[in-house]
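Report on the structure given below.
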Amino acid sequence: MARPYDVVEIERKWQDRWRDEGTYNVDNDDPRERFYALCMYPYPSGKAHQGHVRNYTFGDLVVRYQTMLGKAVLSPLGFDSFGLPAENAAIKDGSHPRTYTEARIHELKTSIQRLGAVHDWRREVRSHDPEYIKYSQLIFLRFLENDLAYRAEAPVNWCPGCGTVLANEQVHADGTCDRSGDLVERKNLEQWFFRITKYADELLQDIDTLEWPERVKTMQRNWIGRSEGVEFDLVFADNDALALRVFTTRPDTGFGVTYAVVAPEHPLLDVLTLPEHDEAVRELVERAGSASEVERSSSSESGIGLEKRGAFTGSYVINPFNQQKVPVFVADYVLGTYGTGAIMAVPGEDERDYAFAQAYGLPIIRTVERPADFEGGSYNGDGPHINSDFLDGLQITEAKREATTFLEANAAGIAKVNFRLRDWLVSRQRFWGCPIPIIYCDNCGIVPVPIEDLPVLAPDDVTMTSTGQSPLATHEGFRNVTCPKCGGKGKREADTMDTFTDSSWYFLRFADPFTPGVPFDPKEVAKWMPVDQYIGGIEHAILHLLYARFYMKALVDIGLAPGLPREPFKRLFTQGMIRMGGSKMSKSKGNLIAPEMYFDTVGADSLRLFHLFLGPPADDSDWTEQSDELIDGCARFLDRLYRLAMLEEVNFHDTFDAEDLAVVRSVHRTIVRVTEGLDRWSYNTSVAALMELLNTTSKWARSEGGAHQATLDDAVDTMLKLLAPMAPHMPAELWEIRHGVSSSLHAQSWPVADEAMLVNETVVMAVQINGKVRARLDVDPEISEDDAARAAQDSPEIQRALEGATVQRVIARPPRLVNIIS
RNA sequence: GGGGGCGUAGCCCAAUUGGCAGAGGCAAGGCGCUUAAACCGCCUCCAGUGAGGGUUCGAGUCCCUCCGCCCCUACCA
C-alpha cells in the first residue's frame with residue numbers, strides 16, 4: 001500500500017518526543033483533577049503479542065482521552081518480573097534468570113512504546129529490583145508481626161512440573177497446574193500462609209461497592225463461598241464422652257440423618273475405626289491420600305452422581321434429634337479441609353448423600369415434602385417438613401431457625417458461618433522470586449530478618465534445579481547465618497514468595513516510588529488511590545484481583561497505608577481475548593501474530609484502530625485471514641484523512657451555505673457519538689462515527705461546489721482531536737503541520753458539541769398504516785402529538801391509501817413516527 | 001450438574017425508553033483514472049435478525065420453549 005506519508009518515521013518521531021520530553025509524566029502535587037489509569041502490569045515474556053496490543057491500546061486511549069478532558073492522569077507501567085518461565089529458561093540454557101528477564105523486559109517495553117502507549121516511566125516498578133524486594137519483604141514482616149502471616153504444616157498442592165507448591169487458586173478444578181498443566185500432587189509440608197480468611201467477610205461484602213463486570217464479581221463471590229449453618233456434636237453411641245463435630249447448612253433436615261461421614265484425614269478416624277474394619281478403612285484412606293485430586297474428584301465423567309467411595313468404620317453416633325443410632329462412614333466425598341471435616345448425612349435432601357446411600361444400601365428418610373410431580377433422588381427445594389416431629393409443617397427457613405435453637409440447647413450447637421476461601425499459601429520452592437525474610441534458629445525458632453538488613457537478596461551463583469527443593473537451600477553461603485537474636489547458628493528460609501505477592505501492591509508503589517525509606521508514603525498515595533480505571537484480562541478475575549484486595553485491606557489495618565481506601569480498584573474493565581481458530585492465541589500454540597510486523601509496515605496507528613474497530617472491547621474476537629485486510633482498511637481511513645487535511649483535490653467557495661451548515665451539524669453530532677462511545681466502552685462505534693464523518697466531509701470538500709474554508713478547517717481539526725486518543729501519531733503530525741510546532745494536538749481540550757448544532761430544522765417522520773410505512777414527512781423536531789397525527793392524516797399518500805377505510809386509532813410518537821390503525 | 005454470555009448481509013459488526021433493520025469496515029461486482037496493474041475516486045449488490053410461540057398498534061430489542069456456539073464453575077456439607 002502506497003502511503004501519503006512515512007508511517008514508520010512519523011511514529012518514531014512522536015514516540016521519541018513523548019518519551020524524551022516526559023509528556024505524560026505527572027507529579028503528585030498536580031493541581032488538576034486526578035485520574036489513575038492502570039493496565040495490569042505484565043509478565044515480561046518478550047515482544048508484545050496481540051493481547052498486549054489490545055490491553056495497552058485501550059489503556060492508552062483512556063490516558064489520552066482523560067488528559068484531553070483536563071485531568072492529571074497517572075499512567076505508570078512496570079513489570080511483574082519474577083516467575084517461573086525465566087527460571088525454566090535459565091535451567092535450559094544456563095543463563096541467569098535476571099539476564100533473561102531484563103532482556104525480555106527490554107523487548108516488551110520497546111513493543112509497548114512502539115505501540116505509542118505513553119507512561120510515566122519515572123515510576124517504573126520491576127518486581128526483581130532490590131528496592132522493590134526490600135519493601136515486599138518489609139510487608140511480609142509486618143504481616144508476620146500482625147498475625148497475618150504464619151507458618152503451618154498443611155496438605156498442599158505440589159506441582160511436579162513446576163517443582164513447587166501452589167496456592168489453591170493456581171490449581172484447576174481437574175487437579176492440574178494453572179501454569180504447566182501437570183497433575184498436582186498432595187503433600188504435607190510446612191509452609192508460609194497469609195491469613196486472607198480473616199478478611200473473608202469484608203472481601204465478600206465490599207464486592208457490592210465495586211464498579212466491576214458482574215461476571216467477575218460473581219466469580220469472586222463464589223470463590224469466597226460463604227455459607228451459614230450450624231456446627232454441633234454427634235455423641236458416640238458407646239462412649240458419651242466423645243463426640244463427632246459436624247457442620248451443616250441444613251439443620252432442618254436433622255430428622256433425616258441416616259448416617260455420618262468423616263473425611264479420610266479426620267483426626268478421630270483411628271478412634272472411630274474398629275479392628276475388624278481397619279483394613280477397609282485403611283485402604284480407603286490410602287487411596288484418597290495418594291490419589292491426586294483429579295482421581296479423587298472425577299471418578300465419573302458426569303460430575304455429580306459419581307461413584308462415592310467409602311468404608312464403614314464400625315462406630316455409631318447418636319442423632320440428637322431422635323436419639324437414633326446411625327453408622328459412621330469414612331468417605332472421600334467429605335473434605336478434611338472444610339467445615340469440621342465431618343458431616344451428618346441426609347440422603348433425602350442432599351444429592352451426594354443420596355448417591356452414597358444408594359451405593360451402600362443406607363436408608364433414606366424424607367423430611368421435606370416433595371411436589372407431586374417431583375422425579376429424581378434427593379429433593380432440595382422448599383416445602384413443609386414431614387417425619388420431623390416438632391419441625392413438621394414448617395418451611396425451610398423457619399425449620400432451620402427452630403432446629404438451630406434445638407441444637408444449641410441439646411447438642412453443643414452453635415450457629416456458624418463457613419467459607420470456601422482458604423488461607424493463601426505463599427511459599428514457593430523456587431529461585432526467581434522474592435526471598436522470604438526469615439531465619440530459623442535452633443534456639444530462638446522463627447526469627448524475622450531485622451528491617452535494617454533488608455533486602456535479603458538471592459546470591460547469583462546458584463545452581464538451578466527443579467527437584468522440589470528450593471535452589472537456595474543448597475547454597476551454603478546464603479543458608480548459614482548467625483541468628484540476629486542470640487548470635488547462634490541459624491539457617492535462612494530458602495523459599496521465595498508467590499509472585500502474586502508482588503502484583504498485590506505494585507499499584508501503590510506506582511503512586512509514590514519517590515519517598516525514600518518507605519514502600520510508599522500514604523499521604524502521597526492518597527492523592528491517587530483508588531485506581532479510577534483498571535484494565536486487564538478476565539483470567540485474573542479471582543487470583544490477582546482477590547489477592548490485591550486483601551493486601552489493600554491488610555496494609556491499611558496494619559498501618560502501612562493509613563488513610564487509604566480499603567478497595568484498590570474502583571472500576572475494572574476486562575477486555576476480550578484475541579482468539580485464533582477458536583482457541584486462545586498463545587506462544588505455546590505457535591499461533592502468534594507478532595505486532596512488530598505491523599509496526600514496521602502499516603504502523604501502530606492502524607493496528608490500534610483495528611483493535612478498537614474490531615468489535616465491542618469486552619467481547620472476544622477472532623484473528624482471521626481477513627484481519628490483514630481489516631488493518632489495511634484502517635490504514636486507508638487514516639490516509640484519506642491525511643489527504644483531506646492536506647487539502648488534496650479540495651475546492652473552496654467563499655460564502656457559508658446550507659451544505660456547510662449540514663457539515664457543521666455532522667461534526668457536532670460526531671463529537672457526541674465518539675464521546676459517548678468512549679464513555680461506554682463502545683470504541684468500535686466511535687471509530688465508525690469518525691469514518692462516517694470523514695466520508696461526509698470528503699465528499700463535500702471535493703464536490704464541485706467545494707467547501708467553506710473555515711468550516712473545513714474546523715471539521716478536520718475536530719476529527720484530529722477525536723482521533724487523537726485512538727491513533728495518536730499521524731493526527732499529532734498533521735496538527736503540527738497545520739498549527740506549527742508550538743501547538744500540540746494532545747494538549748488540546750476534548751471537543752464539546754454545541755447543543756444548537758445537534759438539532760435539525762426538520763426531521764423525517766415515518767407514517768405507517770397498520771405497521772407498514774406508507775409515507776415519510778419532513779416535520780419540525782418539536783412537533784406535538786396532535787400536529788403529528790394531523791400532518792400524517794393530511795398527507796396525500798396517506799389519504800389515498802386510506803380511501804374507503806375507517807381510521808380506528810392513531811398512535812403518534814413524534815417526531816419519529818405515526819401509526820394509523822384502520 | 002450449576003452460573004453467565006452470544007446467534008442481525010458472504011465476513012466483522014451498528015441499531016436511545018420496544019418505533020422506518022443498516023452507521024462503519026472487509027470481501028465481491030461495475031465504472032473512472034492508468035499503456036497496464038497497483039493505489040486512488042465513484043457506484044452497486046446482499047439479510048428481515050438461529051427456530052417456534054406469546055405480549056403489543058408496533059418486537060432484533062420484552063416473556064416462554066427449543067437449537068447451536070463460547071466462557072466460567074464444579075463433591076464446600
Side-chain angles (χ1 to χ4, degrees), chain A residues 1-4 172-174 213-216 218-219 222-223 225-227 229 246-250 261 296-299 302-306 308 331-335 337-346 350-353 355-356 418-422 538-539 541-542 576-577 579 582 609-610 613-616 618-622 624-634 636-637 639-640 643 648-649 673 676 682 684-695 698-699 702 764-776 808-811 813 816-821:
Chain A
M1 239 172 98
R3 308 292 293 272
H172 291 164
D174 64 358
E214 216 40 58
R215 202 154 60 114
V216 177
T218 303
M219 284 165 75
N222 291 341
W223 186 262
R226 183 180 198 274
S227 62
V246 297
F247 174 74
T248 183
T249 55
R250 292 293 304 275
V261 188
R296 190 166 163 185
S297 65
S298 60
S299 44
S302 64
I304 294 289
L306 44 78
K308 305 287 185 207
D332 56 10
Y333 81 95
V334 171
L335 307 174
T337 48
Y338 185 77
T340 61
I343 61 159
M344 64 175 216
V346 190
D350 182 284
E351 61 183 321
R352 295 150 303 177
D353 297 344
F356 190 83
N418 267 325
F419 292 92
R420 207 186 90 115
L421 181 71
R422 303 298 144 80
I538 186 85
E539 66 271 20
I542 296 173
M577 262 178 7
R579 286 176 316 216
L609 221 42
F610 161 78
F613 189 49
L614 190 55
D619 291 3
D620 287 351
S621 303
D622 290 299
T624 66
E625 323 77 56
Q626 215 188 41
S627 295
D628 280 345
E629 284 161 350
L630 299 178
I631 294 169
D632 285 345
C634 292
R636 207 146 41 221
F637 161 70
D639 293 351
R640 290 175 61 212
R643 290 196 203 93
E648 279 181 25
E649 299 172 47
R673 287 171 63 192
E676 279 178 358
S682 176
N684 49 331
T685 57
S686 289
V687 176
L690 269 177
M691 288 174 165
E692 195 181 339
L693 179 60
L694 178 62
N695 289 344
S698 301
K699 247 175 234 175
R702 290 175 178 182
V764 177
M765 182 176 77
V767 182
Q768 300 178 330
I769 295 176
N770 297 328
K772 277 192 168 170
V773 179
R774 290 301 177 81
R776 287 172 226 277
Q808 305 198 339
R809 204 176 147 192
V810 178
I811 294 134
R813 290 285 176 277
R816 308 196 67 153
L817 67 64
V818 172
N819 190 9
I820 297 166
I821 314 303

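Heavy-atom basis, side chains included; hydrogens, waters and symmetry copies ignored. A, B, ... follow the sequence lines: proteins, then strands. Residue 1 opens every chain. Computed from a predicted structure; not experimentally measured.
Of the side-chain N and O atoms in Lys699(A), one or more sit less than 4.0 angstrom from OP1 or OP2 of C43(B). OP1 or OP2 of A77(B) sits under 4.0 Å from a side-chain N or O of Ser227(A).
In terms of position along RNA chain B, the nucleotide closest to Thr218(A) lies nearer the 5' end than the nucleotide closest to the other residue of the pair Thr218(A) and Ser621(A).
Of the P atoms belonging to A38(B) and C31(B), the separation is 13 Å, rounded to the nearest Å. On the C1' atoms, C26(B) is 27 Å away from U61(B), given to the nearest whole Å. A gap of 28 Å separates the P atoms of U49(B) and A27(B), to the nearest Å. Taking atom C1' in both G10(B) and U44(B), one finds a spacing of 16 Å when rounded to whole Å. Of the P atoms belonging to C63(B) and G18(B), the separation is 11 Å, rounded to the nearest Å. Nucleotides U8(B) and G60(B) are separated by 7 Å at their C1' atoms, to the nearest Å. Between G25(B) and A9(B), the distance separating the two C1' atoms is 13 Å to the nearest Å.
Comparing atom distances between the Arg215(A) side chain and each of C12(B), C40(B), G4(B) picks out G4(B) as nearest. Counting only heavy atoms from C-beta on, Leu817(A) has its side chain closest to G19(B) among A77(B), A74(B), G19(B). Considering only side-chain atoms of Met219(A), the nucleotide from C70(B), G41(B), C72(B) that sits closest is C72(B).
Rounded to an integer number of Å, the gap from Glu214(A) CD to U73(B) C1' is 16 Å. Put simply, CZ on Phe610(A) is 11 Å from P on C13(B), counting in whole angstrom units. Protein atom CD of Glu625(A) is 11 Å distant from nucleotide atom P of C12(B), rounded to whole Å. C33(B) atom P lies 18 Å from atom CZ of Arg702(A), rounded to whole Å. Rounded to whole Å, the distance from CD on Glu649(A) to P on C39(B) is 16 Å. Rounded to whole angstrom, the span from the CD atom of Glu648(A) across to the C1' atom of C40(B) amounts to 10 Å.
With sequence neighbours excluded, the residues that form a salt bridge (Lys or Arg N to Asp or Glu O under 4.0 Å) with Arg226(A) are Asp201(A), Glu228(A). Remark: Arg250(A) engages Asp252(A) in a salt bridge (Lys or Arg N to Asp or Glu O under 4.0 Å) (not counting sequence neighbours). Every residue two or more places apart in sequence or in another chain was checked for a side chain to side chain donor-acceptor pair (under 3.5 Å) with Thr624(A), and none qualifies. When the salt bridge (Lys or Arg N to Asp or Glu O under 4.0 Å) test is applied to Asp620(A), the partners found at least two apart in sequence or on another chain are Arg579(A). In this structure Glu692(A) satisfies the salt bridge (Lys or Arg N to Asp or Glu O under 4.0 Å) test together with Arg673(A), sequence neighbours excluded. Judged as a ring-ring contact (aromatic ring centres under 6.0 Å, His included), and not counting sequence neighbours, the contacts of Phe610(A) are Trp623(A). By the side chain to side chain donor-acceptor pair (under 3.5 Å) test, Ser227(A) pairs with Tyr338(A), sequence neighbours left out.
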* To do: List the protein contact pattern of nucleotides 23-30 of chain B with one symbol per nucleotide (5' to 3'): B for base contact, S for sugar-phosphate-only contact, - for none; contact means a heavy-atom distance under 4.0 Å.
  => BBSBS---

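A syn orientation is assigned to G48(B), its glycosidic angle lying within 90° of 0.
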Short N/O separations, protein against nucleotides 57-62 of chain B, under 3.5 angstrom:
from   : atom 1 : to        : atom 2 : distance (Å)
C57(B) : OP1    : Arg809(A) : NH1    : 3.2
C57(B) : O2     : Asn819(A) : ND2    : 2.6

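No hydrogens or angles considered: nothing links the side chains of Arg813(A) and Asn819(A) as a donor-acceptor pair under 3.5 Å.
Using a 4.5 Å heavy-atom threshold, the side chains of Val773(A) and Val767(A) count as separate.
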